[in-house]
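Accompanying notes for the structure given below.
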Amino acid sequence: MNANSLIEDLKARGLIAQMTHEEELAEHLAQGPVTLYCGFDPTADSLHLGHLVPLLMLKRFQDAGHRPIALVGGATGLIGDPSFKDQERQLNSEEVVQQWSECLKAQISRFITFDGEGGAILANNYDWTANVDVLSFLRDIGKHFTVNKMIAKESVKQRIEREGSGLSFTEFTYQILQSYDFQQLNSKYGCTMQIGGSDQWGNIVGGIELTRRVNGAATHALTLPLITKSDGTKFGKTEGGAVWLDAKKTSPYAFYQFWLQTPDADVYRFMKFFTFLPVSEIDAIEAADRERAGRPEAQRILAEQMTALVHGEAALQAARRITDALFSGDLSELSADDYAQLEQDGLPATQVPAELADLPLTTLFTDAGLATSGKQVKDALQRNAVMVNDQACGMEQNMNAAQLFAPEAARFGKYFLVKLGKKKHHLFYLV
RNA sequence: GGUGGGGUUCCCGAGUGGCCAAAGGGAUCAGACUGUAAAUCUGACGCGCAAGCUUCGGUGGUUCGAAUCCACCUCCCACCA
């Protein structure tokens with residue numbers, strides 16, 4: 001893919017929020033492989049869906065022949081980015097941030113290729129920040145920033161103007177640190193472009209300026225739009241919180257289900273954002289869905305693409321097996337092997353406690369993680385929305401766990417499939 | 001350091017002595033309708049199967065009774081120094 005078609009493709013996907021001088025950027029990209037970077041701050045022990053778009057953007061550039069640098073913010077993660085946040089962040093300890101940095105590194109390396117020609121680079125800004133002394137920092141770097149400009153940035157505006165919160169000097173300094181990263185990467189690796197979420201525009205522009213002043217180098221920027229949902233709610237959240245890329249935090253099955261439940265109004269847009277399917281193909285899917293009455297294909301395709309991309313083909317198959325078993329028809333058709341497979345595939349599973357006599361279902365299911373409070377279980381019971389092995393349970397069964405989970409009632413002497421509502425499934429098993 | 005304003009249940013935000021587990025909205029969960037969609041309607045929404053138990057920044061006090069009054073403390077914000 002040449003430079004023009006890359007930009008054109010990104011545009012068609014709606015993946016560009018802002019660029020520095022489009023023609024110059026296009027020209028720059030056309031002149032040969034470009035080194036570009038995107039930063040990921042370790043704010044948790046895993047990346048989540050919000051990080052995926054920029055991460056995939058690096059891959060898109062790599063696929064187009066450019067060299068990506070994935071920068072882990074071991075230093076910036078210690079400070080906290082105030083951009084468009086309405087509250088001061090809690091500082092995390094150095095050990096924690098370091099450990100999180102390692103987690104991110106491992107995840108990032110699954111998406112971009114680090115070997116061979118044009119192999120990506122993995123960097124950590126801790127390396128060039130940790131040992132800078134205050135005086136050098138203030139004299140050599142700080143001197144290039146005027147507070148006037150820093151304050152005027154949209155990204156910190158609400159924090160400065162907002163009543164009821166403030167902005168610490170620590171976080172205020174963040175933009176300088178990020179700018180310093182760009183300048184350093186430019187020196188070390190000839191990095192000439194930074195990408196990031198549109199909320200990073202201010203920080204990125206700061207870096208461009210610093211790089212020009214210190215290195216005398218012209219650099220470029222491209223930002224990605226914030227992913228929004230048509231109904232105005234936040235993208236990438238489920239009842240359990242964020243959707244993580246770490247299979248231990250969000251199982252491939254849950255991940256697959258997340259995408260499968262994408263609203264129609266968002267699904268084609270999301271396909272363009274997240275998948276590597278050609279835009280023309282996505283348009284064709286959309287057209288076909290419109291022709292056909294009933295359920296669209298797009299969600300399934302999106303879910304398959306994403307699960308395979310993030311968790312691999314085997315995990316996708318597992319997620320599909322669970323989905324097929326739970327949502328298409330009769331549980332009595334499942335074999336003993338199928339049950340064992342469900343457990344292996346990552347369907348949440350819990351051992352049935354030995355003592356059931358005094359244990360209300362509300363407690364049992366809450367402990368298993370099926371619901372967050374007994375009230376929720378109670379509500380479901382009152383509406384007959386709880387199924388134990390296809391048997392609907394009402395409130396009167398609440399104290400009847402011993403009978404419901406008796407060995408005689410178990411499938412293949414071992415399994416109980418519990419359904420709460422239409423979508424929450426949980427496997428209980430006897431030892 | 002001074003003055004003024006403020007800290008309410010996940011979030012926003014009412015409440016200013018009993019009728020308050022605390023209005024309203026959002027988020028969330030469940031039901032109906034559907035397509036494991038959206039919209040809509042219904043119910044739940046501090047904890048507990050229940051009896052009941054625990055909340056309104058903290059600690060003490062006044063009162064038969066406090067989220068509401070008083071004292072002190074603490075944190076945040078604004079302005080002044």
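A note on names: the letters A, B, ... follow the listed sequences, proteins ahead of strands, and every chain is numbered from 1.
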Legend entry - Donor + acceptor pair across side chains of A:Lys153, A:Gln175 (<3.5 Å): yes
Legend entry - Residue list, side-chain contact (heavy atoms from CB on, under 4.5 Å) with A:Lys272, at least two apart or on another chain: A:Arg13, A:Val279, A:Ile282, A:Asp283
Inset, instruction - Indicate, with a heavy-atom threshold strictly under 4.0 Å, whether A:Ala385 touches base, sugar-phosphate, or nothing. - result: sugar-phosphate
Inset, instruction - In whole angstrom, give the distance that lies between atom CG of A:Leu420 and atom P of B:U36. - result: 18 Å
Inset, instruction - Return yes if a side-chain donor-acceptor contact under 3.5 Å exists between A:Ser198 and A:Gln18, otherwise no. - result: no
Inset, instruction - Would you kindly say whether A:Thr76 and A:Asp181 are connected by a side-chain donor-acceptor distance under 3.5 Å? - result: no
Legend entry - A:Phe40 vs A:Phe111, ring pair (Phe, Tyr, Trp, His ring centres under 6.0 Å): CA-CA, chis, key distance, verdict: CA-CA 14 Å; A:Phe40 301 91; A:Phe111 291 89; 9.7 Å; no
Legend entry - Separation of B:G35 P from A:Lys422 NZ (nearest whole Å): 11 Å
Inset, instruction - Taking atom C1' in both B:G26 and B:C19, compute the distance separating them and give it to the nearest angstrom. - result: 28 Å
Inset, instruction - Could you measure between the two C1' atoms, the one in B:C47 and the one in B:C41, and give it in whole Å? - result: 30 Å
Inset, instruction - For nucleotides 21-26 of chain B, just jot down a letter per nucleotide in 5' to 3' order: B, S or -, based on protein non-hydrogen atoms under 4.0 Å. - result: ------
Legend entry - Spacing of A:Gln382 atom CD relative to B:A32 atom P, expressed in whole Å: 15 Å
Inset, instruction - With C1' as the reference atom in both, quote the distance from B:G24 to B:U8 in angstrom, rounded to an integer. - result: 14 Å
Legend entry - Rounded C1' spacing from B:C11 to B:G46 in Å: 15 Å
Legend entry - Euclidean distance, atom NZ of residue A:Lys424 to atom P of B:A30 [Å, nearest integer]: 4 Å
Inset, instruction - Determine the interatomic distance between P on B:G6 and the same-named atom on B:A14; round to the nearest Å. - result: 11 Å
Legend entry - Integer-rounded Å distance: B:A37 P and A:Arg300 CZ: 17 Å
Inset, instruction - Pick the P atom in B:C45 and in B:A23, then give their distance to the nearest Å. - result: 11 Å
Inset, instruction - Using atom CZ of A:Arg292 as one end and atom C1' of B:A37 as the other, report the distance to the nearest whole Å. - result: 14 Å
Legend entry - Heavy-atom protein contacts under 4.0 Å, nucleotides 38-56 of chain B, coded B base, S sugar-phosphate only, - none: ----BB---BBBS------
Inset, instruction - Run the salt-bridge test on A:Asp379 and A:Lys375 with the 4.0 Å N-O cut-off and return the result as yes or no. - result: no
Legend entry - OP1 or OP2 of B:U34 under 4.0 Å from side-chain N/O of A:Arg295: no
Inset, instruction - Anything under 30° is parallel, anything over 60° is perpendicular, the rest tilted; go ahead and classify A:Phe428 against A:Phe365. - result: tilted
Legend entry - salt bridge (Lys or Arg N to Asp or Glu O under 4.0 Å) contacts in which one or both residues fall within residues 38-49 of chain A, not counting sequence neighbours: A:Asp45-A:Lys249
Legend entry - Atom-pair distance (CE on A:Met387; P on B:G31), nearest Å: 11 Å
Legend entry - Set of ring pair (Phe, Tyr, Trp, His ring centres under 6.0 Å) partners for A:His48, sequence neighbours left out: A:His51, A:Trp244
Inset, instruction - Sticking with atom C1', work out how far B:C12 lies from B:U59, rounded to a whole angstrom. - result: 29 Å
Legend entry - Distance-only side-chain donor-acceptor flag, A:Gln194 / A:Gln178, under 3.5 Å: yes
Inset, instruction - Considering only NZ, NE, NH1 and NH2 on the basic side and carboxylate oxygens on the acidic side, decide whether A:Asp63 and A:Arg60 come within less than 4.0 Å. - result: no
Legend entry - P spacing across the pair B:A78 / B:A30, given as an integer number of angstrom: 42 Å
Inset, instruction - Note every stem involving RNA chain B: at least three consecutive Watson-Crick or G-U wobble pairs, i with j then i+1 with j-1, with both distances under 3.5 Å. - result: B:1-7 with B:74-80, B:10-12 with B:24-26, B:28-32 with B:40-44, B:57-61 with B:69-73
Legend entry - Approximate separation, where rounding is to 0.5 Å, of A:Tyr339 OH and A:Tyr429 OH: 16.0 Å
